Amino acid sequence: MAGLVLERFLADEAATARLGEDLAMSLRPGDVLALKGDLGAGKSSLARALIRAMADDSRLDVPSPTFTLVQSYEARVPVHHFDLYRLSAASELDELGFDEALAQGAALVEWPERAEDYLPRTSVLIELVHRGDGRLARLSGQGAAFERAARSLAMRDFLERAGWGEAQRRYFIGDASARSYEIVSLPGLPPRVLMNSPRLVLGPPVRDGKPYAVIAHTAQSVTAFVAIDRALRAGGVSVPEIHAEELEQGFLLLEHLGSQGFLGDHGEPLAERYAAAAELLAMMHGKAWPDRMEAAPGIFHHVPPFDRDAMLIEADLLVDWYVPAISGAPASDALRAGYTKEWNTVLDRLKGREYTLMLRDFHSPNIIWRGDRSGHDRLGIVDVQDAQIGPSAYDVASLAMDARVTVSPDIEKRTLDAYIAARHAAGGFDEEAFVETYAIMAAQRNSKILGIFVRLEKRDDKPYYLKHLPRIRDYLRRALAHPALAGLRDFYVAHGLLEERPL
C-alpha cells in the first residue's frame, strides 16, 4: 500500500492493547483498518482491544469471526469485524454487506489480501510480525484515516513523555471544531483529560480576501487556550490546570474538573445554577484583563477584539444559511443590504459601552457543576480558547439565552437579576446601558446561531441541530423587544425571519 509508514514495537499484550486503544480513538465512520499477519501474530488481540475501547467495555466478549465471517458491535462508531480467511472469492464481500457496513460505521478486516481490490485505497494497513519476544506493528496508508491514526499514536507518545504512557484512553467528547477530548486514567490517580487541538485549517477567502475564521477571530492554535486558561486561573476562575503541554502539536493533559453537568437530572435549567454562573461573570467583569496573555515563557497570545467586522460576519450567517433554508432561494441583494444597514445602526449604539474579556460560549455545555465546592469554585469552566475583548453583556446573553436548553423568561430574568445585583454591589455599574447592550448581543448571537444550526444540517449532515431552531427564534423575539432594536425588529418581521417555519 502506497503512502507513509509508521512502526511500533509491542513488547507484550499490554502494549498491543494500547495500540488498539490508540487506533480506536482515531476511528471514524467509513474507515477501514486492514489487519495483516501470520496466524498467532496478534491480529485478534489487537482487534479485541480496539473494539472494547470503542464500546468502552473492557470485558466485552469479542469472539473471532473466523466462522461467522463478520461480527458487528454497537459503539460510538459502529464497528464491523471481518475475517476473510474462508472467503472463496472477493466478490462475496457484497453478500457480507461490506459497503453497507462502511456507510454506517468502520470496518476491521483480517486477511485483507483476500479482498483483492475491494478495499478502499484509503484503508490503513496494519502488518503484525513477530520480533523477538514481542511483535512489530507496521502501519501504512494515506488520506485522512491514516493521518488520524498517526496523530493518535503521537498523542500516546505525548502521554509517554508526560509520565502517562500506560494510561487507558477513552473517548470523552468532541465539539463543532476539529478538537476532541479523551479521559485518560491510571490506577490510583485521578483521571485527566487529554485534549487534541490540531491547528485550525483556514477556509477560502470570504470577504476582503480573508477567511471567515480570520474575520471572526477564531483561535488558530492551542496556544490561545493555554494563555487564556492560565490568565483565568490567576484571576480566580476554576478552569482546568494544565499538567503537560505540547503547543506545536496541539496536545494538552488537563485536570478533569468533574462529570456533573450544569443542568438538572432531566436536562432542565436550574435557576440557582444559572444565578451562580451570572455571579461568576459579574466577578470576572469587575476585573481588568490584559489583551496580551502568556502561554509559555516568551510565547504570548494576543486576545483579539470582538469588533464590528466580527459581529457582522457572524450575524451574516443568518442571511447566508437561514434565509435560503426558509425561502428556498439565496438572500437577495436588497435583503442583504437592508440587513447590514440595520445591524450597523444597532452596533453604533455600542460606542462607549463596557468591554472586557468575553468567553463567547459561556453556556451549559461548557460549565461543570461542582456542588461539593463553595462560591465561584462550584463552577468549572471549559472551552475558553475563543475568548475576545468585547461587550461584557455578551456572555450574560450566552448564559441566559442558552442555545442548547430552553430557558424560560422567568429564569432568564432571575439570571439577569443575579448579575445586575452583583455588579451593583461592586459599585460603578450602569444598569440601563447594560440592559440595552444585553439585548443587542442576544440578538446578534441568536441570529448567528440560526445560521450555524442550519449550516450544520445542510453542509455537515447534522440534522439534529434543527430541533433547536424554535427556541432560538423565541430568544430572538425576546431580544428584539427592546426599544433600542425597534428598527431591526421591524426588518426581521417584514422579511418573515421570526416566523415559525418547518425546515
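These numbers come from the heavy atoms of this one structure, side chains and all, not from hydrogens, waters or symmetry mates. Predicted, not measured: the structure shown is a model, and the values here were computed from it.
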Q: Who pairs with Thr218 by side chain to side chain donor-acceptor pair (under 3.5 Å), at least two apart in sequence or on another chain?
A: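 None.
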
Q: Hey, does the side chain of Ser185 reach the backbone of Pro191 with a donor-acceptor pair shorter than 3.5 angstrom?
A: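 Side chain of Ser185 to backbone of Pro191, a donor-acceptor pair under 3.5 Å: no, none is there.
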
Q: List the steps and the verdict of side-chain contact (heavy atoms from CB on, under 4.5 Å) for Thr122 and Val32.
A: CA-CA 8 Å; Thr122 54; Val32 176; over 6 Å; no

Q: Using a strict 4.0 Å threshold on nitrogen-to-oxygen distance, state whether Asp309 and Lys210 make a salt bridge.
A: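 A salt bridge is absent here (no side-chain N lies under 4.0 Å from a carboxylate O).
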
Q: If we ignore angles and hydrogens, is there a donor and acceptor under 3.5 Å between the side chains of Arg445 and Tyr394?
A: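 Indeed, the side chains of Arg445 and Tyr394 share at least one donor-acceptor pair under 3.5 Å.
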
Q: Does Arg52 reach the main-chain N or O of Leu60 with its side chain, forming a donor-acceptor pair under 3.5 Å?
A: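 Yes; at least one donor-acceptor contact below 3.5 Å.
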
Q: Do the rings of His285 and Tyr419 sit parallel, tilted or perpendicular, given the 30° and 60° boundaries?
A: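 Taking Tyr419 first and then His285, their aromatic rings stand perpendicular (interplane angle over 60°).
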
Q: Does any part of the side chain of Asp31, heavy atoms only, come nearer than 4.5 Å to the side chain of Val77, both counted from C-beta?
A: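 They are not in contact (no side-chain heavy atoms under 4.5 Å apart), so the answer is no.
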
Q: Checking Asp460 against Tyr465: is there a side-chain donor and acceptor pair closer than 3.5 Å?
A: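 Side-chain D/A pair, Tyr465 to Asp460: absent.
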
Q: Of all the heavy-atom pairs spanning Val319 and Ala331, show the shortest one and how long it is.
A: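 For Val319 versus Ala331, the nearest heavy atoms are O-CB, 3.7 Å.
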
Q: Looking at every heavy atom in both Gly371 and Gln260, which two are closest together, and how far apart are they?
A: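 Here Gly371 and Gln260 meet closest at N-OE1, 4.3 Å.
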
Q: Could you check if a side-chain atom of Tyr171 sits within less than 4.5 angstrom of a side-chain atom of Leu27, using non-hydrogen atoms only?
A: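 No, side chains not in contact.
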
Q: Would you give the length of the straight line joining atom OH of Tyr274 to atom CG of Asp402, rounded to the nearest 0.5 angstrom?
A: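 Result: 3.5 Å between the selected atoms.
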
Q: Tell me if the CD atom of Glu432 is crowded by more than 12 foreign heavy atoms within 6.0 Å.
A: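 Check fails, neighbour count at 12 or below.
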
Q: Okay, side chain of Asp291, backbone of His302: is any donor-acceptor separation there less than 3.5 Å?
A: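 Not a single qualifying donor-acceptor pair exists.
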
Q: Does anything in residues 339-349 pair up under salt bridge (charged side-chain N to carboxylate O under 4.0 Å, His left out), and if so which pairs, sequence neighbours excluded?
A: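 Matches after skipping sequence neighbours: Arg308-Asp348, Arg349-Glu436.
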
Q: Quick check for you: to the nearest 0.5 Å, what is the distance between Ile367 atom CD1 and Phe262 atom CZ?
A: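 One gets 4.5 Å once the value is rounded to the nearest 0.5 Å.
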
Q: Just by distance, do the side chain of Arg230 and the backbone of Glu294 share a donor-acceptor pair under 3.5 Å?
A: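 Not a single qualifying donor-acceptor pair exists.
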
Q: Contact between Val124 and Leu23 at the side-chain level, heavy atoms closer than 4.5 Å - yes or no?
A: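 Contact flag for Val124/Leu23 side chains = no.
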
Q: Should the pair Arg455-Asp320 be classified as a salt bridge under the 4.0 Å nitrogen-to-oxygen rule?
A: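 Asp320 and Arg455: not salt-bridged.
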
Q: What pair of heavy atoms forms the shortest contact from Val405 to Pro269, and how long is it?
A: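 It is CG2-CD, 3.6 Å.
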
Q: Within the supplied structure, the quantity of interest is the number of heavy atoms (other residues, nucleotides, ligands) at a distance under 6.0 Å from Asp333 CG; does it exceed 12?
A: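 No, the 6.0 Å shell around CG holds no more than 12 heavy atoms from other groups.
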
Q: Checking Arg370 against Ser238: is there a side-chain donor and acceptor pair closer than 3.5 Å?
A: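 Per modelled atom types, Ser238 and Arg370 side chains form a pair under 3.5 Å.
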
Q: Taking Glu245 for the side chain and Val226 for the main chain, is one N or O donor matched with an acceptor at less than 3.5 Å?
A: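 It does not hold such a pair.
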
Q: Do Met25 and Asn196 come close enough that some side-chain heavy atom pair is under 4.5 Å?
A: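 No, every pair of side-chain atoms sits at 4.5 Å or beyond.
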
Q: Kindly say whether the aromatic ring centers of His256 and Phe172 come within a distance under 6.0 Å.
A: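 Yes, the ring centres sit under 6.0 Å apart.
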
Q: Report the residues that fulfil side chain to side chain contact (heavy atoms under 4.5 Å, CB included) with Arg161, sequence neighbours left out, ordered by chain and then residue number.
A: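 Listed in chain order: Asp157, Phe158, Glu246, Gln249.
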
Q: Would you say Val237 and His376 make side-chain contact, with heavy atoms under 4.5 Å?
A: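 SC-SC contact between Val237 and His376 ruled out.
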
Q: Check whether any side-chain heavy atom of Ser26 sits under 4.5 Å from a side-chain heavy atom of Arg151, and report yes or no.
A: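 No, every pair of side-chain atoms sits at 4.5 Å or beyond.
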
Q: Looking at every heavy atom in both Ala443 and Leu485, which two are closest together, and how far apart are they?
A: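 Taking Ala443 first and Leu485 second, the nearest heavy atoms are CB-CD2, 3.7 Å.
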
Q: With rounding to the nearest 0.5 Å, note down the distance linking CD1 in Ile51 to NE2 in His80.
A: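 Spacing of CD1 (Ile51) from NE2 (His80) equals 10.5 Å.
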
Q: Evaluate Ile242 against Leu253 for side-chain contact (heavy atoms from CB on, under 4.5 Å), listing each step before the verdict.
A: CA-CA 6 Å; Ile242 300 170; Leu253 187 60; over 6 Å; no

Q: So Thr340 and Asn344, side-chain contact (heavy atoms from CB on, under 4.5 Å) or not? Walk me through it.
A: CA-CA 6 Å; Thr340 300; Asn344 271 311; 3.4 Å; yes

Q: Residues two or more places apart in sequence or in another chain: which of them pass side chain to side chain donor-acceptor pair (under 3.5 Å) with Tyr492?
A: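 Only Tyr339, Trp343, Ser447 meet the side chain to side chain donor-acceptor pair (under 3.5 Å) criterion with Tyr492.
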
Q: If you measure from NE2 on His363 to CG on Asp383, what distance do you get to the nearest 0.5 Å?
A: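 Spacing of NE2 (His363) from CG (Asp383) equals 7.0 Å.
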
Q: Looking at Glu21 and Arg169, is there a salt bridge between them, counting it only when a charged N and a carboxylate O are closer than 4.0 Å?
A: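 Salt bridge flag = no for Glu21 with Arg169.
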
Q: Could you check whether the rings of His468 and Phe453 sit parallel, tilted or perpendicular, using 30° and 60° as the cut-offs?
A: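 Ring orientation of His468 relative to Phe453: tilted.
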
Q: When you compare the side chains of Thr406 and Arg471, does any donor N or O come within less than 3.5 Å of an acceptor on the partner?
A: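 Indeed, the side chains of Thr406 and Arg471 share at least one donor-acceptor pair under 3.5 Å.
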
Q: Show your working on salt bridge (Lys or Arg N to Asp or Glu O under 4.0 Å) between Asp56 and Arg76 and close with a plain yes or no.
A: CA-CA 9 Å; Asp56 193 14; Arg76 175 178 59 86; over 6 Å; no

Q: Run the side chain to side chain contact (heavy atoms under 4.5 Å, CB included) test against Pro330 and tell me which residues pass, sequence neighbours left out.
A: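 Checked Pro330 against side chain to side chain contact (heavy atoms under 4.5 Å, CB included); zero matches.
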
Q: Side chains of Arg423 and Phe434: closer than 4.5 Å at any heavy-atom pair?
A: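 The answer is no; the side chains never approach within 4.5 Å.
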
Q: Can you tell me if CZ on Arg28 sees more than 12 non-hydrogen neighbours from other groups inside 6.0 Å?
A: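 Check passes, neighbour count above 12.
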
Q: Measure the spacing between CG of Asp474 and CE of Met401 and express it to the nearest 0.5 Å.
A: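 Reported value, rounded in 0.5 Å steps: 8.0 Å.
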
Q: Yes or no on side-chain contact (heavy atoms from CB on, under 4.5 Å) for Ile326 and Leu497, after CA distance, side-chain angles and deciding distance?
A: CA-CA 8 Å; Ile326 64 173; Leu497 302 180; 4.1 Å; yes

Q: How long is the gap from OG on Ser392 to CG on Asp395, to the nearest 0.5 Å?
A: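 CG of Asp395 is found 9.0 Å from OG of Ser392.
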
Q: State whether a side-chain donor-acceptor pair under 3.5 Å links Tyr322 with Arg473.
A: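 The answer is yes; a qualifying pair exists.
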
Q: Please find the pair of heavy atoms, one from Ile368 and one from Leu257, that lie closest to each other, and give the distance.
A: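 Smallest heavy-atom distance, with atoms named: CG2-O, 4.0 Å.
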
Q: If only atom types and distance count, is the side chain of Tyr475 paired as donor or acceptor with the main-chain N or O of Val407 below 3.5 Å?
A: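 Looks like yes, one N/O pair under 3.5 Å.
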
Q: Side chains of Ser180 and Arg148: closer than 4.5 Å at any heavy-atom pair?
A: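 Side chain of Ser180 against side chain of Arg148, heavy atoms only: no contact under 4.5 Å found.
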
Q: Tell me, which pairs form a salt bridge (charged side-chain N to carboxylate O under 4.0 Å, His left out) where one or both residues lie in residues 251-273, sequence neighbours left out?
A: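 Non-adjacent pairs meeting salt bridge (charged side-chain N to carboxylate O under 4.0 Å, His left out): Arg233-Glu255.
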
Q: Under 6.0 Å from the CG atom of Asp410, do we count more than 12 heavy atoms belonging to anything else shown?
A: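 Yes.
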
Q: Determine whether a donor-acceptor pair (N or O, by modelled atom type, separation under 3.5 Å) exists between the side chain of Asn446 and the backbone of Ala442.
A: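 Looks like yes, one N/O pair under 3.5 Å.
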
Q: Closer than 3.5 angstrom, by distance alone: can the side chain of Trp289 be matched with the main-chain N or O of Met284 as a donor-acceptor pair?
A: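 Side chain of Trp289 to backbone of Met284: a pair is present.
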
Q: What are the two closest heavy atoms between Ala231 and Met293, and how far apart are they?
A: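 So the minimum-distance heavy-atom pair works out to CB-SD, 3.5 Å.
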
